[in-house]
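Everything below concerns the one structure shown next.
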Amino acid sequence: MDFIFLVFNSFSLLFDPVNFIYVVSGFIIGTIFAAIPGLTATLAMALLLPLTYTLSVETALMACASIYMAGMTGGSITATTINIPGAPSSMMTALDGYPLQLKGKGALALGHAALGSMIGGALGALLLIALAPFVAELSLLVKTTGKFSLLAFALIVVVIAQRGRIPQAGLAACIGLMLATVGLDAMEPITRFTYGFASLTAGIDLMPVIIGTFAIAEVLTQASTRTDIAAAAAAANKVKIRRRDFLPPLSDIRKIGLGCYLKSCLIGYFVGTLPGAGGSMGSFLAYTEAMRTSTEPETFGKGNPKGIAASESANNAVCGGAMVPMLTFGIPGDPITAIMLGVLVINGIQPGPQLMAGQAGLIAPMLAALLFSAVVLIPLTLWLIGPYFIKIVSVRKDVLYAVIALLAVVGSYVATYSTFQMFMALGMGVLAFYLRRNGFPVITMLLGYILGPNLEEFFRRSLALSNGDPTTFFTNRDSLFFVLLTLVFVYFLVIRKPAEPSVVETAK
């Protein structure tokens, strides 16, 4: 209860002009990046990560929270207006949003998307605020062997969640684990895999890995593909939106029903707590559940506002869910929380069971900003500048990506003041580019790199405490629980693959 009061008292920090400007600016930047096809809020946060060195911890985390919420919301803009999801989590929104746009009701679709995003984001943030302290207390019961099994569970789930690409995902995760072993040994004062380079003694810095994986690799990907935005720009110029058109009528809201909003939020929240699941899986499950329980399932994919509400409520509720494992166990729930974990580590904050008790004052403002972004900034931003969002797609890509490349290179140098680490960011970008080009999910590589040091440390400590007996992972209750949980996920996601409803067929 004390933590809940601390979070709500942190709303007073938003009255500080500096904090307020960074929160609002972060939300707008996150929305713009999420709305532009090919860009993501993850890229926005990666580019802005070096700026966190010049900010206080509270301000940096508040800005990251607003970018996160904006990234889930902004993808619905171009998904609705030109049928190009700005973010993977908005793919299901496009199924009903774009048909409404073709009927001249694009603003109404955006209004339903904003309302669903607001409800989902707010409920997800409230559940995070209410449940995170209890999860942190439960995590204290997890001992050394259990921590290894938990991290192994997270990494395995991330890999098997990549449907149809499990071998590639496993190899990418192994590459990340290998990168994490470079530098000083986790338990002994010796160097490993430095190959005579003194600059590698401290290992590969987190900043070059993040900037290279997301920013540099994205620039190289866009440079290697020809994208014609003329048709999208022409479609954008034809859209005429008035602000009053964004307001969904009460009749539509009643027809959607409070139960649909709440159910979709809960689906999104609990999917978010699974490492690697992300907003796209949450929106897919919520959309299919809404269609399954609807009395008019044949209308989905043809402009049913309920599909938009379910998708957007779920993918924004994922924000709160994904922060639970990140804050309490140090396990990112998705790519954006992986970068937020980097912000915490850079500022000397170690996520884990003790975080809520020892440094709750630093975390509370971030959660307050997450709730503020959902309740206030989502509707306010759409109302004030919503009619102009569609023009974002007309931005020249050559100028845009040139600026991104410059910011990425300069940011990687400013973050470490090391020319070697700057070239390391370029090298990581090239590696991530070729991995993506050949179907390797780079998020598994990043999570392997982030989880690798703790995974190795807890593994070696467990064996040291048991005198080298590997059965310790099956005789300790906390470890056995996560081993069995891993087997359950492997069974349902790999051995017995769930039958996926033919949503796309219905949309047609």
Side-chain angles (χ1 to χ4, degrees), residues 31 34-35 37 69-70 72-87 89-122 232 234-262 264-265 283 286-287 290-291 294-317 374-393 503 506-507:
T31 302
M69 187 62 68
M72 288 297 183
T73 305
S76 64
I77 297 172
T78 47
T80 297
T81 51
I82 57 176
N83 202 27
I84 302 176
S89 58
S90 300
M91 289 187 295
M92 308 311 295
T93 305
L95 294 180
D96 286 287
Y98 187 61
L100 282 178
Q101 169 67 24
L102 296 178
K103 297 176 183 178
K105 299 180 180 179
L108 177 62
L110 289 175
H112 278 294
L115 179 62
S117 298
M118 182 177 69
I119 294 174
N237 292 327
K238 293 180 181 178
V239 177
K240 303 296 182 183
I241 298 177
R242 297 171 299 179
R243 287 181 174 84
R244 65 174 180 267
D245 296 333
F246 290 117
L247 299 175
L250 289 176
S251 59
D252 281 2
I253 297 176
R254 292 195 190 99
K255 190 174 181 179
I256 293 171
L258 181 62
C260 177
Y261 286 109
L262 293 178
S264 301
C265 292
S283 64
Y287 186 93
M291 185 175 64
S294 174
T295 57
E296 302 173 328
E298 69 279 357
T299 62
F300 280 73
K302 300 177 182 178
N304 191 329
K306 192 172 185 178
I308 300 174
S311 172
E312 290 300 310
S313 298
N315 64 34
N316 280 269
V375 176
V376 177
L377 293 185
I378 288 177
L380 186 63
T381 303
L382 187 66
W383 176 260
L384 292 178
I385 55 179
Y388 306 103
F389 274 149
I390 188 56
K391 308 299 181 183
I392 293 174
V393 75
V503 178
T506 303

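Excluded from the calculations below are hydrogen atoms, water molecules and symmetry mates; all remaining heavy atoms, backbone and side chain alike, are included.
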- Query: For the atom pair OH (Tyr261) and CD1 (Ile253), what is the distance rounded to the nearest 0.5 Å?
  - Reply: 5.5 Å

- Message: Any non-hydrogen side-chain atom of Thr31 less than 4.5 Å from a side-chain atom of Ile77?
- Response: yes

- Task: Kindly give the heavy-atom pair with the smallest separation between Ala374 and Ala122, and that separation in Å.
- Result: CB-N, 3.5 Å

- Query: Can you name the side-chain hydrogen bond (donor to acceptor under 3.5 Å, both in side chains) partners of Ser117, sequence neighbours left out?
  - Reply: Glu312, Asn316

- In Å and rounded to the nearest 0.5 Å, what is the CD1 to CG distance from Ile308 to Asp252? 9.5 Å

- Message: Could you report the tightest heavy-atom contact between Ala317 and Cys265, atom names first, then the distance?
- Response: CB-O, 3.2 Å

- Note on the structure: To the nearest 0.5 Å, atom SG of Cys260 lies from atom NZ of Lys255 at 12.5 Å

- Query: Which heavy atom of Gly303 sits nearest a heavy atom of Leu100, and at what distance?
  - Reply: O-CD2, 3.4 Å

- Message: Do Leu377 and Met69 have side chains that approach each other closer than 4.5 Å (heavy atoms only, starting at C-beta)?
- Response: no

- Message: Quick check: do Asp96 and His112 have side-chain heavy atoms less than 4.5 Å from each other?
- Response: no

- Rounded to the nearest 0.5 Å, what separation is found between the OH atom of Tyr287 and the NZ atom of Lys306? 11.5 Å

- Inter-residue atom distance Ile119.CD1 - Ile256.CD1, 0.5 Å rounding: 8.5 Å

- Could I get the full list of side-chain hydrogen bond (donor to acceptor under 3.5 Å, both in side chains) partners for Thr299, not counting sequence neighbours? Asn304

- Distance col, row Glu298:CD vs Met291:CE, nearest 0.5 angstrom, shows 11.0 Å

- Message: When you measure from the side chain of Ser311 to the backbone of Gly307, do you find a donor-acceptor pair of N or O atoms at a distance under 3.5 Å?
- Response: no

- Message: Is there a side-chain contact between Leu95 and Phe300 in this structure, where contact means two heavy atoms from C-beta onward sitting under 4.5 Å apart?
- Response: no

